[in-house]
Amino acid sequence: MPHSDTIAVHAGEPSLDDADAPITPDITVGSAHGYRDLAAVDAAMAAHRGYGRWGTENHRQLEAAVASLEANGLSVRLDAVAVGSGMAAIAVALMSELSSGDHVVVANDCYGTTMTFVRDDLSRFGITATVVDVQDLNAVQAAVNDRTRVLLCEICTNPMIRVPDVEALAAIAHGAGSLLLVDNTVPTPMLCQPMRWGADAVVYSATKNLSGHADVIGGAIVGKPAWIEAARAFSHTFGPTLGPFDAWLTLRGIRTLAVRMTRHTQNALALARYLEGHAAVKRVCYPQLETSPFSDRARRLLPCGAGALLSFELAGGKLALDAMVAKLATVRLMPSLGHVATTLSHPASTSHRGLTAEERAAVGISDGLMRCSVGLEHPDDLVADFQQALRSS
Ligand code: PLP
């Protein structure tokens with residue numbers, strides 16, 4: 001069985017027997033194919049081929065790569081569907097599964113727009129939701145009922161980097177006849193395969209580390225083939241298609257995912273340790289820190305590391321954060337994550353601004369919390385930049 005590193009390099013490429021294939025895939029930009037007879041059109045339409053909203057060869061190559069990474073080492077065949085953003089992945093995964101009258105249980109520490117989608121949009125379609133702290137398994141057990149179809153959570157939650165007990169959540173979901181859907185955007189399949197721990201399907205914002213260079217908005221859904229077929233059919237109707245160039249860029253990003261995630265993780269741990277020891281820092285959230293309440297679980301679910309994301313608060317609060325940002329020489333504020341460069345984001349005013357102050361407080365997102373997406377710089381340079389920026393703040 002090949003390692004995930006090798007799968008990432010080769011998955012979706014043309015067969016070695018295809019003697020004249022380009023070594024990197026061509027990009028199919030045509031929005032439709034042309035035909036000379038009705039039978040050919042009929043065959044293409046029946047197979048959902050030949051029209052750009054249904055995807056191109058670039059989508060199929062990307063989908064093959066994501067599905068193979070997710071399935072590596074598991075005795076299960078998986079399929080994937082690529083879509084136009086991480087939110088499209090979450091919306092398609094939920095809406096292809098749910099009908100009016102159904103119920104979902106959603107972790108209260110998901111990405112802000114996931115929370116507002118569940119709170120403000122799903123309810124308009126007659127789908128009820130219970131938002132729950134998934135660290136409290138009794139609360140999760142109490143939240144599921146016989147209408148519950150999906151339990152949704154994140155691993156390495158954005159921005160508190162909490163790690164849920166996926167196995168226990170899967171047991172509760174399955175006991176209630178529900179699916180467990182996991183947003184695995186932050187670890188990527190390189191650091192965690194949620195299906196290994198009982199999840200039924202996985203969603204990604206490919207905008208982040210999967211593509212990895214802050215030049216794509218994309219998403220993907222991975223699951224068993226029959227389930228993905230339903231999600232793909234809904235996506236083809238609903239229409240959140242990923243552009244072929246974005247599919248190409250995402251696959252190119254995946255080629256280096258293994259080395260990037262290794263370095264992101266090493267750098268994040270180095271910066272987390274530095275910040276944790278700094279007198280101006282009030283707290284650091286990173287599951288690989290020995291002081292983290294999630295360190296044992298992270299060792300089990302994320303044995304190769306917890307990825308690029310950490311969060312911290314300064315003793316001087318939001319004012320001190322602003323002073324630090326102004327002094328940083330190489331690190332900028334950016335309302336995203338997963339870039340090759342280290343970037344910062346202020347969740348209360350960006351990713352989680354759609355939540356009420358009470359909803360943010362319930363998961364620990366204070367106005368003084370800063371999220372850091374740690375990049376691929378030399379760790380000494382990165383730490384040195386924070387050192388000088390924190391000198392008198
Ligand atoms: N899931 C997580 C964990 C995210 O952090 C984000 C965006 O930040 C999304 C989903 C949504 O992704 P996109 O912005 O690609 O729609």
Side-chain angles (χ1 to χ4, degrees), residues 62 66 80-95 106-119 121-122 134 150 152-164 166 181-192 194 199 201-222 235 238-243 246-247 249-250 253-254 261 264 268 285 287 302 306-311 333-339 343-355 360 363 365 369-374:
L62 170 61
V66 174
V81 56
V83 290
S85 69
M87 281 317 302
I90 292 165
V92 167
L94 290 176
M95 296 192 73
V106 181
N108 66 349
D109 50 8
C110 287
Y111 168 61
T113 308
T114 305
M115 301 310 296
T116 53
F117 174 70
V118 167
R119 187 189 64 195
D121 296 296
L122 277 188
V134 293
V150 178
L152 170 65
C153 71
E154 289 177 15
I155 296 188
C156 297
T157 61
N158 175 6
M160 302 311 294
I161 340 288
R162 303 207 286 182
V163 182
V166 182
L181 176 65
V182 173
D183 183 335
N184 196 38
T185 295
V186 174
T188 80
M190 214 44 86
L191 299 181
C192 184
V202 177
V203 285
Y204 288 100
S205 168
T207 312
K208 316 299 177 189
N209 288 103
L210 264 191
S211 63
H213 297 71
D215 49 15
V216 168
I217 297 286
I221 311 168
V222 196
S235 178
F238 200 51
T241 310
L242 182 69
D246 292 325
L249 278 174
T250 305
I254 286 174
M261 292 316 290
H264 280 302
C285 308
L302 303 141
L309 218 55
L310 62 86
S311 300
L333 287 166
M334 177 184 87
S336 190
L337 61 99
H339 187 27
T343 58
L344 293 170
S345 174
H346 183 241
S349 56
T350 56
S351 56
H352 289 70
R353 75 179 293 136
L355 303 191
R360 284 195 296 270
V363 286
I365 304 174
L369 184 85
M370 188 64 97
R371 190 189 78 193
C372 182
S373 173
V374 182

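When a ligand or atom number is given, it counts from 1 through the structure's own listing order. Because only heavy atoms are used, hydrogens play no part in the values below, and waters and symmetry mates are left out as well, while side chains stay in.
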For [X], atoms of ligand 1 separated by under 4.0 Å from a heavy atom:
{"X": "K208", "value": "6 (C), 7 (C), 8 (O)"}
{"X": "T207", "value": "13 (P), 15 (O)"}
{"X": "G218", "value": "15 (O)"}
{"X": "E154", "value": "3 (C)"}

Ignoring hydrogens and angles, tell me if any N or O in the side chain of [X] forms a donor-acceptor pair with the backbone of [Y] under 3.5 Å.
{"X": "R360", "Y": "H352", "value": "yes"}
{"X": "T350", "Y": "H346", "value": "yes"}
{"X": "T188", "Y": "M190", "value": "yes"}
{"X": "S211", "Y": "A206", "value": "yes"}

Protein heavy atom at shortest distance from [atom]:
{"atom": "atom 4 (C) of ligand 1", "value": "Y111 CG, 3.7 Å"}
{"atom": "atom 2 (C) of ligand 1", "value": "D183 OD2, 3.5 Å"}
{"atom": "atom 12 (O) of ligand 1", "value": "S205 OG, 3.0 Å"}
{"atom": "atom 16 (O) of ligand 1", "value": "M87 N, 2.8 Å"}

Checklist line | L355 and T116: CA distance, side-chain angles, deciding distance, side chain to side chain contact (heavy atoms under 4.5 Å, CB included) verdict | finding: CA-CA 7 Å; L355 303 191; T116 53; 4.1 Å; yes
Looking only at distances, can you tell me whether any N or O atom of [X], backbone or side chain, sits closer than 3.5 Å to an N or O atom of ligand 1?
{"X": "I90", "value": "no"}
{"X": "G86", "value": "yes"}
{"X": "T114", "value": "no"}
{"X": "N158", "value": "yes"}

Check: Should S311 and I161 count as side-chain neighbours, where that means a heavy-atom distance under 4.5 Å?
Finding: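 Side chain of S311 against side chain of I161, heavy atoms only: contact under 4.5 Å found.
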Checklist line | Beyond-backbone contact of L333 with T343, side-chain heavy atoms, under 4.5 angstrom | finding: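 Counting from C-beta outward, L333 and T343 never come under 4.5 Å.
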Next item on the list: Using only heavy-atom distances, determine whether the side chains of Y111 and D183 contain a donor-acceptor pair under 3.5 Å.
Entry: no
